[in-house]
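To start, the structure under review is shown below, and the notes come after it.
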2 protein chains.
Amino acid sequence: MIFQDSSIDCPNNSANGGIRFEIFMDSKELKDFIFHGDKVFLPHVSVDCVIFGFHDNELKVLLLKWKEGPWCLPGGFVKYDESVDDSAIRVLHERTGLRNIFLQQFHTFGHPTREKGKKTTHAKSWISKRFISIGYYALVEFSKVNPHPDMLSTECKWWDVLKVPTLIYDHKQIMNRALEAVRLDLNDHPVGYNLLPEKFTMPELQCLYETILNEKLDRRNFQKRILAMDFLVKLKERKIGGAHKAPFLYRFDKKKYSHALKQGLKSNW
Amino acid sequence: MIFQDSSIDCPNNSANGGIRFEIFMDSKELKDFIFHGDKVFLPHVSVDCVIFGFHDNELKVLLLKWKEGPWCLPGGFVKYDESVDDSAIRVLHERTGLRNIFLQQFHTFGHPTREKGKKTTHAKSWISKRFISIGYYALVEFSKVNPHPDMLSTECKWWDVLKVPTLIYDHKQIMNRALEAVRLDLNDHPVGYNLLPEKFTMPELQCLYETILNEKLDRRNFQKRILAMDFLVKLKERKIGGAHKAPFLYRFDKKKYSHALKQGLKSNW
DNA sequence: GCAAAAGTGTTCTTCTTACACCCATGG
DNA sequence: CCATGGGTGTAAGAAGAACACTTTTGC
């Protein structure tokens with residue numbers, strides 16, 4: 001897994017202050033990109049990011065809508081001197097404004113017909129050629145994201161993973177594969193730090209797990225198991241305001257959480 | 001995982017009859033490859049294969065030795081109309097003579113300095129440029145392999161994974177990552193079909209697992225657990241000729257084995 | 001006061017681990 | 001005959017699954 005610094009903290013994520021969206025805004029830059037992008041980016045290699053968030057008890061995925069076109073995953077290209085991981089980090093920052101995101105490479109998609117129906121209006125451009133795409137998934141805190149379309153898109157918004165529309169090329173497969181990867185990773189890595197607010201309740205955490213797994217879990221067993229993993233701190237406070245009995249708040253123990261992330265856990269949901 | 005046809009059987013693997021090693025043999029072809037390979041292959045993308053075999057109670061890995069150079073993993077490039085998986089399949093066939101091999105993509109390596117010390121005798125050639133490499137591992141039956149160097153190499157031979165020499169670039173890391181991937185896959189996939197002869201004994205299978213995991217396992221518990229997975233068939237015969245009590249022979253139940261491969265198992269070694 | 005959600009422990013079952021004795025074979 | 005490896009089963013411990021009652025709150 002990748003963290004953009006050694007801490008799991010995200011000190012620069014709050015609000016949008018100081019974030020430079022390094023994207024091309026006008027059509028001159030778009031033309032430059034299409035006709036001269038190969039001066040900057042490696043040909044034939046792209047990065048696609050499946051960005052997951054959690055909101056309203058739904059697992060969300062951030063999608064872009066192409067101008068007069070279908071929806072797709074946020075993606076990008078690899079600069080000549082940039083690592084592939086850094087490309088994914090850059091894409092994530094450009095689309096969400098976030099840094100220090102939990103990012104994981106899960107598969108590389110390289111079938112020659114994966115971009116079926118690719119339009120060839122600029123057939124000679126590097127961009128109309130075949131691309132091999134390296135898939136990453138990210139887990140981000142929904143409320144901190146400022147969705148931002150790229151120069152090819154008009155819209156950038158969250159979709160419920162259960163209701164995503166038709167996606168371009170093989171992007172639906174990529175998304176499903178990312179989901180599988182997240183579910184598998186749930187077995188040996190703690191999840192939640194980047195998906196939940198700082199303080200959260202046990203039922204909220206359980207709902208997150210249930211949503212990712214798309215399956216109901218037993219309340220008592222869930223609590224026992226999560227607490228046994230020993231990376232939560234139970235707070236004195238309860239969440240007030242909701243109907244019904246006020247649940248306790250918890251937060252992650254950053255140190256233990258990081259350790260569990262690196263170390264791995266033995267658990268099967 | 002990838003099988004080159006729907007069966008896990010390897011009917012074409014025995015001996016070398018009819019295998020066409022599609023490699024370049026003389027220096028004209030080598031020159032063609034260096035200066036015009038980019039007409040055939042995608043630039044900047046390569047495939048590296050970590051080919052594991054099992055022999056003499058050792059986990060082996062197939063390595064190539066470059067002319068006047070270090071050892072490296074067998075690798076190759078992706079043809080313009082070829083899927084990345086097929087490139088790996090092609091590399092495997094060219095180096096081992098085998099088809100229908102168990103092949104698994106495990107990670108893509110894309111750091112810009114991963115090929116540290118890359119020689120630039122043909123600095124203008126596509127081949128001296130930066131490459132992003134897609135890692136595959138393969139599990140093959142040692143005795144059926146006919147190691148075959150490629151046009152850049154003088155030697156192709158098996159090494160004990162515990163004794164591999166210094167490898168070029170980041171190939172040692174790639175190998176170690178492949179080992180991790182195999183060990184993880186051991187948790188939810190049966191292993192052995194492509195590593196052991198058709199008939200084998202329980203101690204042999206256990207030795208395979210112990211070698212992969214680099215850890216001793218309890219004889220009785222191993223047997224219970226493996227048999228509970230229900231993809232072995234116990235034969236009436238025993239293995240004769242060895243010293244000591246003759247152990248029973250087993251074979252894989254092809255149907256159940258394939259099913260377990262697709263379905264996954266729940267097990268933690 | 002009632003419906004809906006949250007707090008909390010115990011039992012049963014299953015899986016995992018640890019462990020020992022007898023048997024066959026070659027030298 | 002003995003050293004070595006192989007065949008086999010059981011008992012204890014750990015982990016997972018199933019499960020119920022009481023409390024709090026808003027309406």
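Being a predicted model, the structure only gives us computed values, none of them experimental. Chain identifiers are assigned alphabetically (A, B, ...) following the order of the sequence lines, protein sequences preceding nucleic acid strands; residue numbering begins at 1 within each chain.
- Rounded to a whole Å, the CG atom of Leu249(A) is 13 Å from the C1' atom of dA6(C).
- In this structure, His107(B) has its ring center closer than 6.0 angstrom to the ring center of Phe109(B).
- Taking atom CD1 of residue Ile226(B) and atom P of nucleotide dT17(C), one finds them 14 Å apart after rounding to whole Å.
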Quiz item: Going 5' to 3' along nucleotides 7-16 of chain C, which nucleotides have protein heavy atoms under 4.0 Å from the base (write B), which only from the sugar-phosphate (write S), and which from neither (write -)?
Solution: BBBB------
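- We find that CD of Glu210(A) is positioned 13 Å from C1' of dA5(C), with the value rounded to whole Å.
- Residue Lys172(A) places its NZ atom among more than 12 non-hydrogen atoms of other residues, nucleotides or ligands, all under 6.0 Å distant.
- Lys239(B) places its NZ atom 15 Å from the P atom of dT25(C), with the value rounded to the nearest Å.
- Remark: C1' of dG6(D) and CZ of Phe222(B) are 14 Å apart, rounded to the nearest angstrom.
- Remark: Glu58(A) engages Lys60(A) in a salt bridge, criterion side-chain N to carboxylate O under 4.0 Å.
- In this structure, Leu217(A) places its CG atom 13 Å from P of dG16(D), rounding to the nearest Å.
- No N or O donor and acceptor, one from the side chain of His244(A) and one from the base of dA5(C), sit under 3.5 Å apart.
- Around the CD atom of Glu198(B), the shell of radius 6.0 Å holds no more than 12 heavy atoms that belong to other residues, nucleotides or ligands.
- Listed by chain and residue number, Phe142(B) satisfy the ring-ring contact (aromatic ring centres under 6.0 Å, His included) test with His55(B) (two or more places apart in sequence, or in another chain).
- In this structure, Gln206(B) atom CD and dT8(D) atom P are separated by 14 Å, rounded to whole Å.
- Computed from coordinates, the Glu237(B) CD to dG7(D) P distance equals 14 Å when rounded to whole Å.
- Between Arg220(B) and Asp218(B) there is a salt bridge, with a side-chain nitrogen of the basic residue lying less than 4.0 Å from a carboxylate oxygen of the acidic one.
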